[in-house]
Protein chains: 2
Amino acid sequence: MTTVDHLRQVRLGNLRTVLLALVDRPGSRADLAARTGLTKATLGNLTEPLLAGGILVEEPATLAGMGRPSKPLRFHPEGPVAVGAEINVSHLAVETLGLDGETLERRLVPADTRGATADEVLDRVAELIREVTGPRKLLGAGLAIPGVVHDGVVIRTPNLPKLVGSPLAANLGRRLDLDVELDNEANLAALAHLWPHHLAGEDFVHVTADVGIGAGVVLNGEVYRGVSGFAGELGHVVIERNGVLCTCGSRGCVERYAGLDVILREAGRRTLNSLRKALDTGDSRAQEAVRKAGEALGVGLATLMNLFDVPTVVLGGSYALLYEHLSAAVQSEMDGRVLAGGERHARLVASPLGEFAVARGAAGLITRRAVQQPERLFA
Amino acid sequence: MTTVDHLRQVRLGNLRTVLLALVDRPGSRADLAARTGLTKATLGNLTEPLLAGGILVEEPATLAGMGRPSKPLRFHPEGPVAVGAEINVSHLAVETLGLDGETLERRLVPADTRGATADEVLDRVAELIREVTGPRKLLGAGLAIPGVVHDGVVIRTPNLPKLVGSPLAANLGRRLDLDVELDNEANLAALAHLWPHHLAGEDFVHVTADVGIGAGVVLNGEVYRGVSGFAGELGHVVIERNGVLCTCGSRGCVERYAGLDVILREAGRRTLNSLRKALDTGDSRAQEAVRKAGEALGVGLATLMNLFDVPTVVLGGSYALLYEHLSAAVQSEMDGRVLAGGERHARLVASPLGEFAVARGAAGLITRRAVQQPERLFA
DNA sequence: CAGACTAAGTTCAAGCATTGAACGAATGAG
DNA sequence: CTCATTCGTTCAATGCTTGAACTTAGTCTG
């Protein structure tokens with residue numbers, strides 16, 4: 001720590017505060033000063049390099065009432081952006097995201113990645129990313145995979161076995177000459193509900209079902225990943241200790257009762273769309289399959305809530321699509337099993353984000369990092 | 001924020017860093033400078049008021065090799081202390097703790113608190129605290145109860161129903177004219193393993209069985225309490241969704257299989273001591289009861305580890321006393337059910353702290369707060 | 001025993017981000 | 001046109017850390 005560094009930390013912290021306020025909404029220097037608790041003078045200082053660096057723009061002026069009109073500041077429409085990409089077993093998705101939280105481009109293509117090598121997949125991802133990124137400066141790329149990740153390397157991914165041990169972040173980074181951050185799709189889907197906009201508060205769990213069940217846990221406004229990146233493995237929470245054998249070696253894992261494959265099999269359907277049609281026409285076998293899955297999921301979620309004590313559960317992905325047929329059973333199990341005290345109540349909601357949630361979260365990883373470490377914006 | 005405040009924050013942060021280094025071990029100004037990354041000059045500045053205020057003392061001098069001898073600084077032996085108290089169904093315990101982490105006094109008395117009112121219990125606690133605190137300045141008192149707590153008020157405590165809704169912190173504070181912090185015994189037992197000394201790393205779960213089962217969760221060096229203080233309710237993790245009915249309204253809770261009352265009943269014993277004697281003499285009914293409890297606990301812990309992803313489980317309280325007869329079954333279930341990847345391995349250890357763990361943790365709450373908010377030391 | 005050496009602790013001017021007050025700028029009201 | 005009002009900038013003051021120079025208090029060598 002040199003002499004400058006301590007004061008520089010203060011400055012960077014204030015810069016972060018200001019940028020966070022701007023993500024919330026644009027505002028003039030005076031308005032930002034009021035919102036952040038800093039002085040107008042400091043705001044002039046802090047925003048000057050952001051304006052000079054093309055991160056922010058000053059809008060013409062807003063004529064509103066008496067006094068000198070304010071010139072609101074907002075993120076520059078030609079400023080830097082981030083891109084997020086999702087590698088899944090049946091599709092690839094990419095999305096570009098501005099610092100202001102606006103989606104710029106998105107693309108989703110079917111792809112059978114199960115048999116593909118890491119290089120083949122990354123080539124295709126890099127191509128997609130090039131398609132959606134224009135001339136604007138790129139802050140970096142976020143990359144999502146269905147599996148556990150550590151230090152940019154895939155540790156475990158039951159459904160894409162050829163990717164295990166592969167340093168995806170570094171390899172995609174080399175292809176694009178870009179900083180790449182690799183993370184679990186469950187974490188990133190959860191992040192998409194936290195950043196850039198709070199869609200479910202600062203403490204919640206986001207649950208999706210693909211082949212397995214993944215939960216992204218947000219505690220105190222931060223995605224909780226655990227020591228080794230294994231946190232939130234809701235799919236392997238045990239609900240029947242002598243139950244069905246699981247691929248993980250355990251018995252009675254939630255995944256074996258509430259996984260999408262189980263629901264489809266029980267309902268006698270091949271695809272999620274077919275299942276939804278059956279549900280809409282009142283097919284009782286389909287409804288029963290979904291209800292039973294909801295019960296199992298509810299038991300697992302009750303356990304999760306008793307351990308994490310978060311007030312909200314967001315059902316995303318396939319679960320969001322089945323929400324109306326699923327939620328009653330889930331809610332009922334949770335209500336009966338979550339420890340109550342005072343006005344504690346488990347709130348269950350469907351994700352509003354749809355199929356781009358993961359890619360958006362991956363991009364959000366990058367814009368969030370840029371705001372939290374503002375020095376990156378000047379690099 | 002006035003102009004001073006930003007710089008004051010820097011100073012307080014550095015003060016905290018220095019105090020944390022001193023909790024680790026005493027050291028001269030030069031040594032502390034090296035350990036904290038600050039300069040010798042800053043250390044002179046920071047320690048001066050601590051010495052003047054009687055928080056630290058300068059030891060005579062250590063003659064060790066060449067150069068001017070260093071004068072190590074340590075916490076003043078007559079400096080301020082904290083006291084911790086535990087209210088339990090069958091006993092009360094208190095312990096005083098110095099800033100250096102040394103235990104000064106402790107006392108444990110049997111007490112039947114089940115039927116007592118809050119006032120009766122607090123009178124007795126205040127009396128005990130007065131017995132163990134000498135003339136040294138008191139930084140505050142920590143108070144532990146078996147139950148859920150929020151803002152100094154008891155929210156839920158199945159075994160001490162008369163205390164529900166009672167503002168114990170304020171009421172004990174009034175009796176002693178002292179700052180009192182109220183917390184859950186499970187959290188405080190966990191804290192005792194984290195502060196003042198790391199006994200199980202920075203990420204672990206501490207589990208005890210009394211009437212119920214309580215887990216204190218430490219994530220990233222902080223006790224995790226959850227949004228409403230309900231986090232870590234391992235006792236109500238479901239391991240058999242259609243299992244035994246629990247007092248909480250759910251079915252198949254871990255508590256119903258691994259609670260101390262269940263173990264004793266299954267073993268046909270009345271007290272923990274009698275159970276231990278039976279185990280030592282090779283009583284197979286007792287051994288089987290403990291083994292079965294260990295299995296159930298292991299299933300619940302596996303679920304917990306798959307959600308929190310911490311590397312270590314500490315068995316404390318009664319479980320620590322049963323450790324040698326319990327650990328194999330627990331470990332075996334965990335090994336079979338915790339999701340593995342790389343060199344991930346669930347480490348199971350017995351708490352070394354014994355029956356004062358909770359009271360010590362309660363006192364630690366206060367000394368820790370004093371170090372983390374050093375301005376309190378000058379009040 | 002004297003002088004060289006070594007390391008601890010202190011002194012002090014320099015650097016820097018924020019602040020508050022004063023000031024200049026831009027507009028509406030009368 | 002003048003005053004009130006609000007926005008944004010300028011500037012001296014504040015106070016904490018820093019690094020280098022300096023002082024202090026010992027050991028080591030011959």
Side-chain angles (χ1 to χ4, degrees), chain A residues 1-19 21-22 26-52 56-74 374-375 378, chain B residues 1-19 21-22 26-52 56-74 374-375 378:
Chain A
M1 292 260 202
T2 119
T3 175
V4 188
D5 280 1
H6 280 109
L7 288 172
R8 182 83 89 205
Q9 289 309 318
V10 173
R11 186 181 174 85
L12 286 173
N14 289 337
L15 217 39
R16 175 164 52 234
T17 305
V18 171
L19 289 167
L22 279 167
S28 66
R29 294 170 182 81
D31 174 46
L32 290 168
R35 279 154 62 192
T36 60
L38 299 167
T39 61
K40 288 187 297 173
T42 304
L43 254 113
N45 278 328
L46 290 174
T47 53
E48 189 271 321
L50 292 171
L51 286 160
L56 301 181
V57 270
E58 190 173 67
E59 304 230 307
T62 304
L63 315 185
M66 286 182 295
R68 174 176 169 176
S70 64
K71 289 180 283 185
L73 306 179
R74 58 162 63 250
E375 64 273 24
F378 299 105
Chain B
M1 290 260 207
T2 121
T3 175
V4 187
D5 281 359
H6 281 109
L7 289 170
R8 181 84 89 208
Q9 288 310 317
V10 173
R11 187 181 174 85
L12 286 173
N14 289 335
L15 216 39
R16 174 165 53 232
T17 304
V18 170
L19 289 167
L22 278 167
S28 66
R29 294 171 182 80
D31 175 45
L32 290 168
R35 280 156 59 193
T36 59
L38 299 166
T39 62
K40 288 187 297 174
T42 304
L43 255 114
N45 277 329
L46 291 174
T47 53
E48 190 271 322
L50 292 171
L51 286 161
L56 301 181
V57 269
E58 190 174 68
E59 305 230 305
T62 303
L63 315 185
M66 288 182 292
R68 174 175 170 176
S70 64
K71 290 179 282 186
L73 306 178
R74 59 162 63 250
E375 64 273 24
F378 299 106

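Chain letters run A, B, ... following the sequence lines, proteins first and then strands; every chain starts at 1.
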Distance-minimising heavy-atom pair for A:Val18 and A:Thr36: CA-CG2, 4.2 Å

Show each protein N/O and nucleotides 22-26 of chain D N/O combination with a separation under 3.5 Å, one pair to a line.
unit_1	atom_1	unit_2	atom_2	d
D:dT24	O2	B:Arg68	NH1	3.2

Under-4.0 Å side-chain N/O to phosphate OP1/OP2 contact, A:Asn45 with C:dA17: no

With B:Ser28 via side chain to side chain contact (heavy atoms under 4.5 Å, CB included) - residues at least two apart: B:Ala30, B:Asp31, B:Ser70

Residues in salt bridge (Lys or Arg N to Asp or Glu O under 4.0 Å) contact with B:Lys71, at least two apart in sequence or another chain: B:Glu58

Below 4.0 Å: OP1/OP2 of C:dT18 and any side-chain N or O of A:Arg11: yes

Integer-rounded Å distance: C:dA7 C1' and B:Asp31 CG: 13 Å

Touch class at under 4.0 angstrom, heavy-atom based, for A:Ser70 against every strand present: sugar-phosphate

Between C:dA17 (C1') and B:Leu7 (CG): distance, integer Å: 7 Å

Any A:Val57 side-chain heavy atom under 4.5 Å of A:Arg74 side chain: yes

Side-chain N,O (A:Arg29) to OP1/OP2 (D:dT9) below 4.0 Å: yes

Touch class at under 4.0 angstrom, heavy-atom based, for B:Ala30 against every strand present: sugar-phosphate

Any A:Thr42 side-chain N or O less than 4.0 Å from OP1/OP2 of C:dT18: no

Between C:dT11 (P) and B:Leu43 (CG): distance, integer Å: 15 Å

Length of the line joining A:Leu38:CG and C:dT18:P, which is rounded to integer Å: 7 Å

Side chain of A:Leu46 - closest among D:dG15, C:dT18, C:dT19: C:dT18

Spacing of B:Lys71 atom NZ relative to C:dA7 atom P, expressed in whole Å: 18 Å

Considering all heavy atoms, the nearest A:Leu22-A:Gly27 contact: CD2-N, 4.0 Å

For A:Arg16, all residues meeting salt bridge (Lys or Arg N to Asp or Glu O under 4.0 Å), sequence neighbours excluded: none

Show which side-chain atoms of residues 43-52 of chain A pair as donor or acceptor with protein atoms under 3.5 Å away, not counting sequence neighbours.
unit_1	atom_1	unit_2	atom_2	d
A:Thr47	OG1	A:Leu43	O	2.6
A:Thr47	OG1	A:Gly44	O	3.4

A:Arg8 vs C:dA17: side-chain N/O to OP1/OP2 distance below 4.0 Å: yes

5' precedence on DNA chain C between B:Pro72 and A:Leu15 (nearest-nucleotide basis): B:Pro72

Gap between atoms CD and P, on A:Glu58 and D:dT9 respectively (whole Å): 7 Å

Residues which pass side chain to side chain contact (heavy atoms under 4.5 Å, CB included) with B:Pro69, listed by chain and number, not counting sequence neighbours: B:Ala61, B:Leu63

Interatomic distance, B:His6 NE2 vs D:dC16 C1' [rounded to whole Å]: 14 Å

Closest listed nucleotide, where the reference is the side chain of A:Thr39 and the choices are D:dC16, D:dG8, C:dG20: C:dG20

Spacing of A:Gln9 atom CD relative to D:dC16 atom P, expressed in whole Å: 18 Å

